[in-house]
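Computed from heavy atoms alone, side chains included, the values below leave out hydrogens, waters and symmetry copies. In each ligand, atom 1 is the first atom listed, and ligand 1 is the first ligand listed. Heads up: numbering here begins at 1 and tracks the sequence.
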Amino acid sequence: MELRIPADVAKVIHKLSDGGHEAYVVGGCVRDAIRGVDPADWDVATDARPEEIQQIFRRSLYLNRFGTVVVRMDVHEIEVTTYRVESEYSDRRRPDAVAFTTSLREDLARRDFTMNAMAWTPPPEGGAKGGLVDPFGGQADLEARIVRAVGDPDERFREDALRLLRAPRFAAVLGFTIEPATAAAIRRNAGLAAGLSGERVQQELLKILRAPVPSVGFRMLSDLGILEVIAPELERCRHTPQEKVAAQDVFEHSLATLDAAAADMPKGVSEEEDLVLRLAALLHDLGKPDTHDDGHFHQHEFVGEAKARQLLRRWKLPKEVVERTTHLIRHHMFWYQSEWTSSAVRRFIRKVGLDRIRDLFFLRRSDNIGSGARVPRLRELEELWLRVEEEIHRANAFSKRDMAVDGHDVMAELGLRPGPEVGRIIDALFERVLDEPELNTRETLLRLSREIHGGGTPKG
Ligand code: ATP
Ligand code: MG
């Protein structure tokens, strides 16, 4: 087996072997290289101790007590880690202590899945030991597209419950299946996921969310009994019928909405916006199980907003992501009729927020597709969107300079000197005119400026 590895990485390995040590690329990067995918990062494992690694690489950084040395090369930062064995995970998170070993096989045995438990080293000149080390059949499983635990699956999931989520994550992202005995062990140990920190759960969930067809991973999490543990409010949607499409439950509808969002994600959105849109699609109907009554879900958007906030906080998502996602959920139930006046359209824009409205329409389109929308509902949505765009365009074109009065007029009318109060009044007038363009006459604005100056900001 010949793998292509970057020159930087080969150099690290050769330096270590010149120093009399074994060195291999190992783990996820071997898996990816065999699949013909560029690994995100290259990890090197060696029998050299951290002190010995540091002696060989002067530009290195000994990061932590877990025996990993980061070596900075020209292009890559390479993590060089001393072989170690699995040790007690008393808190089911991190090994309590690192036990080093000189056996590569032992190091591979502590890894989670067979495809992640392979090592490869370039054959040195003169040819002795080179090539792939694959004691657990990782290459065959990779070819068969199977996620299989290394060793006794029950033991492996008990050692570190994160593996319960890593298995479906790999399966979903790579389009693999989970080997039956491994899947059965996940079901038996699913309850252990309750002890995982929100940050670790989040890390795996985000990878599932960003998969090309993210529904696959969430369905798997549910089938394996993990969703019930990490997101019972989402699991409950599985037992709530969705109104429109017979035989579809709210969970399947949510997944269809998520897939639609993933498939239509606009080019050029930021990573954060992409995440917000996926989360909102997945969670937009989270309020339905609690509001289900006679085929209706009265005010489910508000219940859903609150439930989603709890869930996203539990997963330790950044505040801004939580806020933007729940805002979309809160507003996703707007309904529209062609009779809306322009000022109704403007009020709607202001309620949702100019910087959120595009996302809200995106969510609603995904929602419609996710419930097998018929054409007219989408057509209404598009009609409203065109009117929203028109209003946004008009508001952008309309600036304070276009108002029928300016600061001097206001000062003269009210006997004011230049100062912040003048600015406050102009801003308030501007808001009113944006809302109702017909107010933009000198007479009306001067009258309004008196009201504003006299009694704070009148309701607009
Ligand atoms: P990714 O593509 O997400 O980086 P990866 O397999 O490289 O996937 P990492 O978290 O970078 O995942 O871990 C690198 C390697 O360390 C894995 O391939 C695996 O061999 C081992 N590993 C990581 N996490 C665990 C774990 N929880 N239990 C056992 N082995 C693990
Ligand atoms: Mg990795």
I'd like to check which ligand 1 atoms, numbered from 1 as shown, lie under 4.0 Å from a non-hydrogen atom of [X].
| X | value |
| --- | --- |
| Asp160 | 26 (C), 27 (N) |
| Lys207 | 3 (O) |
| Asn116 | 6 (O), 18 (O), 19 (C), 20 (O) |

Inter-residue atom distance [X].[atom1] - [Y].[atom2], 0.5 Å rounding:
| X | Y | atom1 | atom2 | answer |
| --- | --- | --- | --- | --- |
| Met265 | Ser366 | CE | OG | 7.5 Å |
| Lys288 | Thr240 | NZ | OG1 | 9.5 Å |
| Leu283 | Leu258 | CG | CG | 9.0 Å |
| Cys29 | Met118 | SG | CE | 10.5 Å |
| Phe361 | Leu384 | CZ | CG | 3.5 Å |

Mode of [X] contact toward ligand 1 - side chain, backbone, both, neither (heavy atoms, under 4.0 Å):
| X | answer |
| --- | --- |
| Arg110 | backbone |
| Asp112 | both |
| Arg169 | side chain |
| Phe170 | side chain |

Any non-hydrogen atom of Leu162 lying under 4.0 Å from ligand 1?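 It does not; every heavy atom stays at 4.0 Å or beyond.
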For the aromatic rings, using the six-membered ring if either is Trp, is the centroid distance between His300 and His332 under 6.0 Å?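 For His300 and His332, the ring centres are under 6.0 Å apart.
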Check the orientation of Phe113 and Phe170. Use parallel for under 30°, tilted for 30 to 60°, and perpendicular for over 60°.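 Perpendicular: the ring planes of Phe113 and Phe170 meet at over 60°.
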For Asp41 and ligand 1, does the shortest N/O to N/O distance drop below 3.5 Å?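 Such a contact does not occur with ligand 1.
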Regarding ligand 1, does Arg31 bring an N or O atom to under 3.5 Å of one of the ligand's N or O atoms?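 Yes.
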Could you work out, for atom 24 (N) of ligand 1, the closest of Arg166, Arg163, Glu159 by heavy-atom distance?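 It is Arg166 whose heavy atom sits nearest to atom 24 (N) of ligand 1.
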Salt bridge or not for Arg350 and Glu431, using N-O below 4.0 Å?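 Here Arg350 pairs with Glu431 in a salt bridge, since their nearest N and O are under 4.0 Å apart.
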